[in-house]
Amino acid sequence: MSVKMKQLPLWLAALAVPGAAMANADLAKLIKDPKNWAMQAGNFENQRYSTLNQINKKNVKDLKVAWTFSTGVLRGHEGGPLVIGGMLFVHSPFPNKVFAIDLETQKIVWKYEPKQDPSVIPVMCCDTVNRGLAYAEGKILLQQADTVLVALDAKTGKKLWDVKNGDPKIGETNTQAPHVFKDKVITGISGGEFGVRGRVTAYDLNTGKMVWKGYSTGPDAEMLMDPEKSMTWTNGKMAPVGKDSSLKTWQGDQWKIGGGTTWGWYSYDPQENLMYYGSGNPSTWNPSQRPGDNKWSMTLWARDVDTGKVRWVYQMTPHDEWDFDGVNEIILADIDVKGKKRKVAVHFDRNGFAYTLDRVTGELLVAEKFDPKVNWATHVDMNTGRPQVVAKYSTRQNGEDVNTKGICPAALGTKDQQPASFNPKNGLFYVPTNHVCMDYEPFRVEYTAGQPYVGATLSMYPAPGSHGGMGNFITWDAGKGKIVQSKPEKFSVWSGTLVTAGGIACYGTLEGYLKCVDADDITKELYKFKTPSGIIGNVTTWEFKGKQFIGILSGIGGWAGIGLAAGLEKSTDGLGAVGGYAELANYTELGGVMTVFALP
């Protein structure tokens, strides 16, 4: 076997590692080698940190374009590539192409293009994005827009198995990257704007057979919730959720079309065997139609990977009135909180508050605003865990067909799905943010399966009384709940960030710039380069043949760029984003390109 291995190309050898007792042991091994970028977030903890330091704060100014690759698709390009051995695997938005590229020659080794019904496109809320691939044990996992989850042979691109995860005819689609934890592929569902009932589902990595499914709303058994053992923050301590914790907070059967979808990023703590994720907004956006706390939408979850059973939950925005989806990533880290080392879960929510929780117990430790312009709530009551809503900005209190003005942040949040990163060297989090406010007018809407179930008209604009831009790149102290530094940007920072041992932090801008700054002083911009289109993808890094590379997908779109991506012009279209980001058309155009950088 060793003789044959020597004859294999580098990338094939890396993919030929035999399975171990733990089904993801080879994935864990690949993650430990910084030459690879084997998960969308770089590791199980969602830290987006690399120990590579060949590119550093002294020489990053010398970066040059090494090569580029066009995906041939003109919609929004979110997520980023995977790099394993000498192979790069990259995806596209709908129709969800997958390319395997040899890093030595940039030759396309194989290409996979699924045949999907284009009728799925109108059912996708905020562009036809896809947030990337997963890898495990010689398999590339693709979550298609039409909800089909596919396993491909990483060497050949041959389909090994597929399974249907939902039904687009009732508004169910998929945009998120699948995640592999142990011997399971975990995926979620999109469609909160169509009355979809949110859930996460675990499939067997080798067969595609469903192992468990846990819903966001409904009966305890269907949520895999134990009324006596599943815990939540209650009156300053953790306590059991109690019987029918979700059903009691909905009127009648509304929970069946109650949203709480799960299209964000998931993290995993192997020691606790827990996966972490957030659930999205309740349906509809008109709060008057769904009285109650609408549990467990807008919630952070910790589930056992083997069984799906819930250890703890924490609802951030009970009875959401603003579409502050809770799907953003949960970053796992060990940091000092109030003078004590804690194993934490850190989450930057759409609602403008950053949360630090004990990831083992679910205890709420810190909840503070990460944009000073957030005004819909004064603070989070640390005893109850509930935000204290300002009556002036309550769309429920102001009522249907009333336009509530000046709400900060806008529905796309102080941060949407664009993932932050964590620097273990200084304990800081690097956060791409939106600096946007809105007017919000709810109206009555009836549910029809497969049709939009929104019930609100929005307008968006830059936060008033500020620097005039629509975004900031910030560093955050999650132990203290404080902004350390803030770097203003003209548009929202809609790119996933990267921080490295070389002392740099990198991110992309909606105009199309890749920017790298000093990780210890983010106001010092060290490098920028204008890529072919606006950036909503995530910055990644890897090493090949002794050389470090940085890669970014550009391709304007997503919610912020939906006007350009879908050709929309009415200011309230795109759920309010078209008018807010109209000026983007002066800076960029459509185009899906992977740009790879290296030192000369």
Side-chain angles (χ1 to χ4, degrees), residues 125-126 192-193 280-291 294 298 316-326 349-353 369-380 386-416 433-445 452-472 488-492 494 510 559-563 568-584:
C125 150
C126 312
E193 283 60 62
N281 60 286
S283 304
T284 133
W285 288 22
N286 178 1
S288 298
Q289 288 187 241
R290 44 169 175 77
N294 308 136
M298 315 304 255
M316 297 166 291
T317 313
H319 185 64
D320 170 64
E321 307 173 40
W322 311 271
D323 184 46
F324 291 152
D325 272 36
D349 197 60
R350 287 250 292 261
N351 70 13
F353 287 87
K369 296 175 183 180
F370 63 105
D371 186 328
K373 288 296 179 179
V374 173
N375 64 12
W376 69 277
T378 55
H379 66 286
V380 172
R386 298 178 71 95
Q388 303 303 291
V389 178
V390 176
K392 176 182 178 181
Y393 301 116
S394 170
T395 66
R396 169 70 187 274
Q397 180 172 304
N398 295 341
E400 293 179 344
D401 303 316
V402 174
N403 193 14
T404 299
K405 297 186 176 183
I407 303 166
C408 302
L412 42 68
T414 301
K415 190 181 90 62
D416 203 343
T433 74
N434 311 316
H435 196 53
V436 186
C437 301
M438 69 175 174
D439 302 337
Y440 189 112
E441 183 176 342
F443 59 85
R444 189 153 291 266
V445 63
Y453 188 51
V454 179
T457 302
L458 280 65
S459 298
M460 299 183 190
Y461 39 85
S466 187
H467 56 72
M470 301 178 75
N472 295 296
E489 288 287 351
K490 182 172 182 59
F491 296 106
S492 296
W494 207 274
L510 287 177
W559 194 353
I562 190 63
L568 305 177
E569 296 180 355
K570 187 179 176 183
S571 64
T572 55
D573 280 350
L575 304 172
V578 172
Y581 293 87
E583 200 179 349
L584 261 181

Taking all heavy atoms of [X] and all of [Y], pick out the closest pair and write down the distance.
X      : Y      : value
Thr395 : Tyr440 : CG2-CD2, 3.5 Å
Pro282 : Asn294 : CB-CB, 4.0 Å
Gly580 : Met470 : O-CE, 3.2 Å
Thr433 : Asn472 : OG1-O, 2.7 Å
Ala577 : Ile562 : CB-CG2, 4.3 Å
Thr404 : Ser394 : OG1-O, 4.3 Å

Assess the side chains of Asp371 and Thr414: does a donor N or O sit below 3.5 Å from an acceptor N or O?
-> no
Of all residues at least two apart in sequence or in a different chain, which pass the ring pair (Phe, Tyr, Trp, His ring centres under 6.0 Å) check with Trp322?
-> Phe324, Trp376
Without swapping roles, check the side chain of [X] against the backbone of [Y] for a donor-acceptor pair under 3.5 Å.
X      : Y      : result
Asn375 : Cys408 : yes
Asn398 : Lys392 : yes
Gln388 : Arg386 : yes
Lys570 : Val578 : no
Ser492 : Trp494 : no

Could you pull out all residues at least two apart from Cys126 that satisfy disulfide bond (SG atoms under 2.5 Å apart)?
-> none
With sequence neighbours excluded, tell me which residues meet disulfide bond (SG atoms under 2.5 Å apart) with Cys125.
-> none
First locate atom [atom1] of [X], then atom [atom2] of [Y], and finally report the distance between them rounded to the nearest 0.5 Å.
X      : Y      : atom1 : atom2 : answer
His435 : Glu489 : NE2   : CD    : 12.0 Å
Asn434 : Lys373 : CG    : NZ    : 16.0 Å
Met298 : His319 : CE    : NE2   : 11.0 Å
Tyr393 : Thr378 : OH    : OG1   : 12.0 Å

Residue list, side chain to side chain donor-acceptor pair (under 3.5 Å) with Glu193, at least two apart or on another chain | Asn281, Trp285
Pair listing, salt bridge (charged side-chain N to carboxylate O under 4.0 Å, His left out) test, anchored in residues 393-415, at least two apart | Glu329-Lys415, Glu400-Arg444
Go through the steps for Arg350 and Asp323 under the test side-chain contact (heavy atoms from CB on, under 4.5 Å), then give the verdict.
-> CA-CA 9 Å; Arg350 287 250 292 261; Asp323 184 46; 3.0 Å; yes
Please tabulate, for side-chain N and O atoms in residues 458-465, each donor-acceptor pair with protein atoms closer than 3.5 Å (sequence neighbours left out).
unit_1 : atom_1 : unit_2 : atom_2 : d
Tyr461 : OH     : Gly406 : N      : 3.1
Tyr461 : OH     : Met438 : O      : 3.3
Tyr461 : OH     : Asp439 : OD1    : 2.6

Compare all side-chain heavy atoms of Pro409 with those of Val374 and state whether any distance is below 4.5 angstrom.
-> yes
Heavy atoms of other groups near Glu569 CD, more than 12 under 6.0 Å | no
